[in-house]
Amino acid sequence: MSVHNPDIKRVTTHTIQELKNKGEKISALTAYDFSMARVVDAAGVEVILVGDSASNVMAGHETTLPITLDQMIYHASSVVRAVKRALVVVDLPFGSYQGNSSEALRSAIRIMKESGAHAVKMEGGLEIKESIVRILSAGVPVMGHLGLTPQSIYKFGTYAVRAKEEAEAQKLMDDSRMLEDIGCFSLVLEKIPAALTKTVSQSLTIPTIGIGAGPDADGQILVIHDLLGINNAFKPRFLRRYADLHSVMTEAITHYVDDVKAHDFPNEKEAY
């Protein structure tokens, strides 16, 4: 049974901050389409991320890099049409903000105007500061993202835990403070040591959302297809499966095929 607060009619960036101030954990999940977003929203999740992970989950690409701004807007528009309560955050895809702050602003404005989303998310720290500031100056809320940043996977060369070494941990701390100082409303911490997550979360006023970053972030996020066991090939340590829908769906579809072959579907009651 859900324990979400029914008094919160619409989650905003202010709501997220209030949850941290009260010490209440923030729940977040991804969604990429209308039907799934409607279920996630109704279940009481505070934040729905239209992630560039759609590149992997929905399109079958090996990385998040191929997905385009137009494709992100399509997915975000589908999600926004379903959501009545959650805060909808949309990833700015690779190549739409890194090199030029004017292009970054155009990308963010397109997402906000064309999809109706409530905020954007951007990967990186000091190296994209100018782009974040430009977007914030236009009144667009920005969620930061540090640690393992999948858009930089070819630079890292691995999906291993980040910031285990002192120098990288210190840079992450510095970047997190900078993101807070310039006005980001929250920060995703992905696949970093739990102790570092605790330090960062306690040192910041804004909320942190963890994925593979231990229990001390102010909130947690998972990819919905992983949580539901639709994608059964992805098995990182941080993932807890709450269902095995891959098996359920396979069994249902196999049953349907058998019924069609056996001339059992449709039956007389299912015909007009």
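We use all heavy atoms of the structure for the numbers below, so side chains are in, but hydrogens, waters and symmetry mates are not.
Across Cys184 and Leu136, no two heavy atoms sit closer than the pair N-CD1, 4.1 Å. Across Thr208 and Val200, no two heavy atoms sit closer than the pair CG2-CG1, 4.3 Å. Heavy atoms only, all atoms of each residue included: Leu126 and Lys171 are closest at N-NZ, 4.4 Å. When every heavy atom of Asp226 is checked against every heavy atom of Asn231, the shortest pair comes out as OD1-ND2, 3.2 Å. Nearest approach of Thr13 to Pro141, heavy atoms of both residues: CG2-CB, 4.0 Å. Taking each heavy atom of Gln220 and Ile209 in turn, the nearest pair found is C-CG2, 3.8 Å.
With rounding to the nearest 0.5 Å, the separation of NE2 in His14 from CD1 in Ile16 is 11.0 Å. Here the CD atom belonging to Glu103 is positioned 10.0 Å from the CG atom belonging to Leu92, to the nearest 0.5 angstrom. In this structure, CE on Met58 lies 5.0 Å from CG on Asp33, to the nearest 0.5 angstrom. Taking CZ from Arg81 and CZ from Arg38, the interatomic distance works out to 12.5 Å, rounded to the nearest 0.5 Å. Remark: Leu69 CG to Arg110 CZ distance equals 5.0 Å, nearest 0.5 Å.
Within 6.0 Å of CD on Gln17 lie more than 12 heavy atoms contributed by other residues, nucleotides or ligands. A 6.0 Å sphere centred on OH of Tyr74 holds no more than 12 heavy atoms belonging to other residues, nucleotides or ligands. Within a 6.0 Å radius of OH in Tyr159, other residues, nucleotides and ligands contribute more than 12 heavy atoms. Environment of CD in Glu166: sparse, with no more than 12 heavy atoms of neighbouring residues, nucleotides or ligands closer than 6.0 Å.
Under the 30°/60° scheme for interplanar angles, the aromatic rings of Tyr32 and His225 are found to be tilted.
When side chains are defined from C-beta on, Thr64 does not count as touching Pro93, because their heavy atoms never get closer than 4.5 Å. Side chains of Phe156 and Thr149 form a contact here, defined as non-hydrogen atoms less than 4.5 Å apart. In this structure the side chain of Arg10 reaches within 4.5 angstrom of the side chain of His118, judged on heavy atoms. Counting heavy atoms from C-beta on, the side chains of Met72 and Ser115 never come closer than 4.5 Å. Using a 4.5 Å heavy-atom threshold, the side chains of Lys164 and Leu196 count as separate.
Grouping the Ile, Leu, Val, Met, Phe, Trp and Tyr side chains by contacts below 4.5 angstrom, directly or via other members, places Val83 with Ile73.
The closest side-chain donor-acceptor pair between Thr250 and Ser247, if any, does not fall under 3.5 angstrom.
In terms of modelled atom types and a separation under 3.5 Å, the side chain of Glu180 and the main chain of Thr205 share a donor-acceptor contact. Remark: side-chain polar atoms of Arg162 are not paired, donor with acceptor, to backbone N or O of Lys191 under 3.5 angstrom.
Ion pairing between Asp175 and Lys129 fails under the 4.0 Å rule for side-chain N and carboxylate O.
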